[in-house]
Each structure stands twice: as C-alpha cells, then as structure tokens.
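Below: the structure, in structure tokens.
Atoms considered below: every heavy atom in the structure, side chains included; atoms not considered: hydrogens, waters and symmetry mates. Counting convention: from 1, in listed order, for ligands and their atoms alike.
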Amino acid sequence: MSDGPTYGFDTLQIHAGARPDPATGARQTPIYQSTAYVFRDADHAAALFNLQEVGYIYSRLTNPTVAVLQERLATLEGGVGAVCCSSGHAAQIMALFPLMGPGKNVVASTRLYGGTVTQFSQTIKRFGWSAKFVDFDDLDALRDAIDDDTRAVFCESVANPGGYVTDVRAVADVADAAGLPLIVDNTSATPYLCQPISQGATLVVHSTTKYLTGNGTVTGGCIVDSGKFDWSASDKFPSLSAPEPAYHGLKFHETFGILAFTFHGIAIGLRDLGMTMNPQAAHYTLMGIETLSLRMQRHVENAVKVATWLEDDPRVDYVTYAGLPSSPYADRAKRCYPKGTGGLFTVALKGGYDACVKFVDSLEIFSHVANLGDTRSLVIHSASTTHRQLTPEQQQAAGAGPNVVRISIGIEDADDLIRDLDQALAKACG
Ligand SMILES: *Cc1c(COP(=O)(O)O)cnc(C)c1O
C-alpha cells in the first residue's frame, strides 16, 4: 500500500512501511538475517558509501527488517524519518549525540524514568555534557534554566513512574522561543495516545521494549524526527549545519534537508556508536505494533477501573493516575490526552515502606519485575529498585518515594486484578 494521511491509525499500525517481499511474495515482513548486502558493482558500492544512493551496506547501519519498523514508527508518530537502535537508553544518547558537545547541557524534566535520571545526571558527564533538571509544570523555571550552552529540552509525555502528563505544546513553545529542539520520550503514552510532533516536539524517542513490542520479549529503541527543526537557523548545531568532519566534510542539513537528522543518525550515530537494533528484535516489535491501538484501549480501560478501586480503599493513601477525576492533572489529561493516559501509575500505601515491600511480595497475578508496558500486569517498588540510585530528594521529585509502588496495568480481566490487589493489601496492611 502507499502510505498516506488518508489511512487511519489502526490501518497504519499494520501496514505502514511493509509490502509483500518482492523476491518471494511473503506477506509478513521477513527477518532479513544478513550482516552484509551484495553491491551490484563498484560504482553502486561507491554511491552507497557517498550517500548518493540509498540502500543496504552493512547491518550495523541499515537492515531491511529494521527499515520497515523505522518507516512504521515514523508514520505513526507523524515524522519524516526514524532510526531504530538497541534500547531506549541508546535512543536517548543517539538523540542527544548530534546536538551536544563538551560544555553543553540539556534541560530535562524532574519527572523521568529512573534510569534516565541516572544517565543524564551521571553518565553523560563522561562526554562533557550535563543536564539541568526542572519541574516542567513551572514554565518560568524551564525558561530560566535555559542558557547559552543549552542544546536540547527533554521530557516524557506521560511520565514514569507516576503517570503524570506533560503539556507538550506548552513546553514546545518555550523550547521554540529559545531556538532549541524539544525531545519527547513517548514510551509510556505511545503514538496511539499522544503524538508529540503534532504538539510541537522536534524529536520523539521510544523504548520500543515497552508498549510498542507489548509483551516483554525484546529491548529496542527509536528516534523519530519531525523534520521541522531548522538546524541552520543558528550556529548551535554544527554537526548538522556545518561541514561534518566525521563524514569527510558533508553538510547534512544542506544535503539532506528535512532528513538531515535521520541521515546523521545512521551515517554517524549507528556507524560510530554501534547501538544497532537487530532484525529479530525489529520482527517482534513489528508484530507487537500490529495490535497497539487495541492493547492501549484495554490498558486504559483497566487502569481507570483499578485506579478508581484503589483510590477508594482505606489502606491506600493516594493514587497518581492522571485519568482519575480527582487528579490535579485531570483537566490537562482531558485536553492533551483525550484517548486516555495509559496504564502506568503509582499507589502510595498508608503503611509506608514495609507495607509496600509486603504488598509486592503478596501479589499473585502481578509480576514483580523492572519493566512496564507488558500485556501482563507488573509491579515494582521503585525506591528500592529502579530509583535506588537517586537521592531521597530526586526520588520524591520523580514521584518514587519509599511509600510508593509503581503499577503497570496489563490487559487481563480487571476484576481479577482488583481481587489480587485486595488480597495483597490485606496481607500487607494487616
Ligand atoms: C524503559 C524506559 C526507558 C529505557 O528504555 P530501555 O529500552 O530499557 O533502554 C526510557 N524511558 C522510559 C520512559 C522507559 O520506560
């Protein structure tokens, strides 16, 4: 099929980027388990290496199965191109890589996946990069944090672990006024619930490990480019606007226009950082995406039922689900996330740390794992696991205090989930 805006999301999640295999007619996208691709002749090889012709050279850079996934994700997010890579964390480094340099900083929301807080506050320092964390509900604080060395603004649409919702349009307006790209991690919302590019985001990153693949089988990541940022409007992004020494002086923006970021991601990012997605992982993720909208509808429906039940339970202190009418984010959720706010939230127990640990140990249907976005319902005590590397202040700011359990609601029967939570709360709270 030819992809076009005339097709709806449910059609595109199955068909975008894919066509019957030209050699065999295979209807499902084959797993092209090949490292290298035969050149037609020496001229063809030279044209590929000069980026004058698009094709396959070596699977660290491009692979036909991965390419289908890239096209599908770019289509579902409303972008012009996408680069897949080995994990969500790889995608974040790959997104920042062309923008940053020694002494440069990214301004990031305090409400992020715990691993991202660690990556940004510790590991990127090794590259001479740094991050400044601010509360993105406070747009003045965001404006104040941006300085001459800032090269990107970063947030999650539906933020881990609390399921808080970001007003992407409002944040994008601030980034735009400062001449900076906005990177949105859309892992928890997925393009079914939120399309950050339509709200002004420059780049969208994903951990495809989560809802996109959907059943906890493979890790992967992706960066989708809106194609809308003018990399040459200032001298802040020389990797894209000026001659790139890592590619014999090629000017990516001048040469590739709206595809500059995507080409840079493949020709330099994957080539030199090597955080490549393998074709098996792309296959599992393509299979998952075929049912994304159906699963997300069920995740939302179940999360609303379970969060509503938990909120009314006397053993529960509070529930952070933005889809609840009582949430301080309820109005924003309705305005910015009309199809729902996903399946992720935290629940605080009146019994504190000890009750949380007992609660997690007593659940039977819920699995105690460091993952989210599975068909299965999952639970984790963030303070003792995913957010363990954070200071108590960072834990509180991220919504992962010691009295809080993170829940990722699956697509099982909601009544069974509620019964399981009830019996575990009975054991945890005496
Ligand atoms: C899991 C996750 C990541 C990291 O992705 P990996 O695939 O585990 O590397 C980043 N952001 C969010 C919101 C996540 O949930």
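- Residue Thr219 does not touch ligand 1, judged by heavy-atom distances below 4.0 Å.
- Ranking protein heavy atoms by distance to atom 6 (P) of ligand 1, first place goes to Gly88 N, 3.3 Å.
- Ring centroid separation for the pair Phe154 and Phe120 comes in under the 6.0 Å cut-off.
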Is there a salt bridge (charged side-chain N to carboxylate O under 4.0 Å, His left out) between Asp148 and Lys236 once you walk through the steps? CA-CA 9 Å; Asp148 287 346; Lys236 287 185 174 172; 5.6 Å; no
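- Of the protein's non-hydrogen atoms, the one nearest atom 4 (C) of ligand 1 is His89 ND1, 3.5 Å.
- Ser87 and Thr219 are not linked by any side-chain donor-acceptor pair at a separation below 3.5 angstrom, with hydrogens and angles left out of the test.
- Per-residue contacts place Asn160 under 4.0 angstrom from the following atoms of ligand 1 (heavy atoms of the residue considered): 15 (O).
- Residue Ser188 places no N or O, backbone or side chain, under 3.5 Å from any N or O of ligand 1.
- Donor-acceptor pairing under 3.5 Å is recorded for the side chains of Glu412 and Ser377.
- The Glu156 neighbourhood of ligand 1 comprises atoms 13 (C), with distances under 4.0 Å to a heavy atom of that residue.
- The shell of residues lying under 4.0 angstrom from ligand 1, judged by heavy atoms, excludes Gly373.
- For the side chain to side chain contact (heavy atoms under 4.5 Å, CB included) test with Ile197, the passing option among Val168, Val204, Asn186 is Val204; the others fail.
- Among all protein heavy atoms, the one lying closest to atom 10 (C) of ligand 1 is Gln92 OE1, 3.3 Å.
- A side-chain N or O of Gln13 and one of Ser293 form a donor-acceptor pair less than 3.5 Å apart.
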Go through the steps to decide whether Tyr56 and Tyr32 satisfy the test ring pair (Phe, Tyr, Trp, His ring centres under 6.0 Å), and finish with yes or no. CA-CA 11 Å; Tyr56 299 101; Tyr32 286 94; 7.9 Å; no
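- Residue, atom and distance of the protein heavy atom nearest to atom 14 (C) of ligand 1 are Lys210 NZ, 3.0 Å.
- When non-hydrogen atoms are compared, ligand 1 lies under 4.0 Å from the side chain of Leu372 (C-beta onward) but not from its backbone.
- Atoms of ligand 1 found under 4.0 Å from any heavy atom of Ser87 (numbered from 1 in listed order, with element): 7 (O), 9 (O).
- A donor-acceptor pair under 3.5 Å is absent between the side-chain atoms of Asn302 and the main chain of Ile409, judged by distance alone.
- Proximity annotation for atom 11 (N) of ligand 1: of Leu344, Val205, Thr209, Asp185, Asp185 comes nearest, heavy atoms only.
- Within ligand 1, the atoms closer than 4.0 Å to a non-hydrogen atom of Gly220 are 7 (O), numbered from 1 in the order shown.
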